[in-house]
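Please read the structure below before turning to the comments.
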Amino acid sequence: MDDVLEKIDKALADVDSFQEACMRVVSILRREVPHFNWVGIYLKEGDELRLAAWDGPQATQHVRIPIGQGICGLAARTEETVIVDDVNADPRYLACFPETKSEIVVPIFGRSGVIGEIDIDSDTRAAFTAADQALLERVAELLGRLAA
Ligand code: SME
C-alpha cells in the first residue's frame with residue numbers, strides 16, 4: 001500500500017489545479033488496487049456533494065447527493081470514514097451499480113472541516129480492510145492539504 005501512496009504523492013507534486021489532483025487520484029487508485037472497482041471524489045457545495053472526478057466502468061447517476069442521503073451523505077455529516085460490508089443489507093445505501101457489494105467513503109478535511117470525500121465501490125463483499133482505510137485516509141490528507 002505504501003507504493004500506492006508514493007505514486008499518488010509523486011503525481012500530486014506537479015498538478016495545476018485541485019480538479020487535476022482529484023482526477024489523478026481516482027485514476028491511480030483504480031489502476032493500482034484490484035478491488036477498487038469504481039472510484040469517485042465528491043466535493044461539498046453547500047448542502048450537497050458534487051461528483052468532481054471518477055474512474056470506473058460506468059458513470060453514476062448520483063452526480064449530486066444531498067448531505068443527508070446515502071453512505072456518502074452519512075460520511076460527510078458524521079465526518080468519519082464509513083465502511084459498508086454488504087450494501088444490499090444497508091437501507092442508507094444509494095444504489096449505483098448492480099455489481100457493487102461493498103463501499104468505503106472517506107472524508108477529505110480542509111481548514112474548515114469536511115470539503116469532500118473519496119467514495120469507492122467494490123464488486124466483492126466486505127472488500128475493504130483496515131489497510132485500505134489507512135491508505136485512503138492518507139490520500140485524503142494529501143488532498144486536503146492541497147485544497148487548503
Ligand atoms: N452509493 C453511494 C452513492 C454514490 S455511488 O456509490 C457512486 C451512497 O450510498 O451514498
Side-chain angles (χ1 to χ4, degrees), residues 1 4-5 7-8 11-12 15 17-148:
M1 285 295 172
V4 181
L5 192 65
K7 280 180 185 157
I8 290 176
L12 294 184
V15 285
S17 65
F18 189 64
Q19 174 65 30
E20 192 184 343
C22 291
M23 289 168 70
R24 287 192 186 182
V25 165
V26 295
S27 146
I28 295 170
L29 286 175
R30 173 149 189 260
R31 189 178 65 223
E32 297 292 329
V33 189
H35 61 281
F36 290 2
N37 296 106
W38 187 94
V39 182
I41 292 180
Y42 285 89
L43 298 179
K44 199 171 154 188
E45 278 184 7
D47 296 341
E48 283 186 332
L49 295 158
R50 179 185 59 83
L51 186 61
W54 65 275
D55 196 330
Q58 348 166 25
T60 173
Q61 68 189 53
H62 297 296
V63 290
R64 285 185 179 274
I65 301 175
I67 300 277
Q69 284 182 24
I71 308 302
C72 288
L74 178 70
R77 192 161 43 80
T78 58
E79 307 199 334
E80 277 177 11
T81 295
V82 179
I83 294 178
V84 177
D85 285 339
D86 179 1
V87 292
N88 293 310
D90 195 319
R92 301 165 302 185
Y93 172 67
L94 287 176
C96 286
F97 316 111
E99 298 82 9
T100 301
K101 303 278 190 306
S102 56
E103 179 164 13
I104 184 169
V105 184
V106 177
I108 301 168
F109 295 94
R111 286 217 184 98
S112 54
V114 173
I115 57 158
E117 56 193 32
I118 304 169
D119 173 26
I120 305 185
D121 286 10
S122 181
D123 298 350
T124 307
R125 204 167 172 276
F128 300 105
T129 63
D132 293 330
Q133 178 172 352
L135 166 70
L136 295 169
E137 288 177 353
R138 293 296 309 279
V139 175
E141 244 174 74
L142 294 177
L143 283 170
R145 230 178 279 158
L146 265 187

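Indexing begins at 1, ligand by ligand and atom by atom, following the structure's order.
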Discussion item. Holding to side-chain contact (heavy atoms from CB on, under 4.5 Å), I want the full list of residues that pass it with Phe128, two or more places apart in sequence or in another chain.
Written reply: His35, Phe36, Ile83, Ser102, Ile104, Ile120, Ser122, Asp132
Fill in: Minimum-distance protein heavy atom relative to atom 9 (O) of ligand 1
Leu94 N, 2.8 Å
Practice prompt. Could you tell me whether a side-chain N or O of Trp38 sits under 3.5 Å from a main-chain N or O of Gln58, the two making a donor and an acceptor?
Written response: yes
Worksheet item: For atom 7 (C) of ligand 1, what is the nearest protein heavy atom, given as residue, atom name and distance?
Response: Cys96 SG, 3.1 Å
Worksheet, complete the sentence: Taken to the nearest 0.5 Å, the spacing of Ile115 CD1 from Leu43 CG works out to 6.5 Å
Worksheet item: Considering only protein heavy atoms, which is closest to atom 8 (C) of ligand 1, and at what distance to one decimal place?
Response: Ile71 N, 3.3 Å
Discussion item. Nearest 0.5 angstrom please: Glu48 CD to Gln69 CD, how far?
Written reply: 9.5 Å
Worksheet item: CZ of Arg145 to CG of Leu12: how many Å apart, nearest 0.5 Å?
Response: 10.5 Å
Discussion item. Taking distance alone, with N or O pairs closer than 3.5 Å, would you say Gly73 contacts ligand 1?
Written reply: no
Discussion item. Side chain, backbone, both or neither: which applies to Val87 and ligand 1 if a contact is any heavy-atom pair less than 4.0 Å apart?
Written reply: neither
Worksheet item: Nearest to atom 2 (C) of ligand 1, what protein heavy atom do you find, and at what distance?
Response: Glu103 OE2, 3.2 Å
Discussion item. I'd like to check whether His62 has a polar contact with ligand 1, where a contact means an N/O of the residue lying under 3.5 Å from an N/O of the ligand.
Written reply: no
Worksheet item: Pick from Asn88, Asn37, Asp121, Thr124: which one makes a side chain to side chain donor-acceptor pair (under 3.5 Å) with Thr100?
Response: Asp121
Worksheet entry | Min heavy-atom dist Tyr42 to ligand 1 below 4.0 Å | yes
Worksheet item: Do other residues, nucleotides or ligands put more than 12 heavy atoms under 6.0 Å from Arg138 CZ?
Response: no
Response to the item:
A student checking ligand 1 against Asp121 at a 4.0 Å heavy-atom cut-off should list atoms 6 (O)
Worksheet entry | Element-labelled atoms of ligand 1 that are located less than 4.0 Å from some non-hydrogen atom of Asp119 | 4 (C), 5 (S), 6 (O), 7 (C)
Discussion item. Under 4.0 Å, heavy-atom basis, I'd like to know which part of Trp38 is in contact with ligand 1: side chain, backbone, both or neither.
Written reply: side chain
Worksheet, complete the sentence: To the nearest 0.5 Å, atom CG of Leu29 lies from atom CG of Asp55 at 9.5 Å
Worksheet item: Considering only heavy atoms of Tyr93, which atoms of ligand 1 have at least one such atom less than 4.0 Å away?
Response: 1 (N), 9 (O)
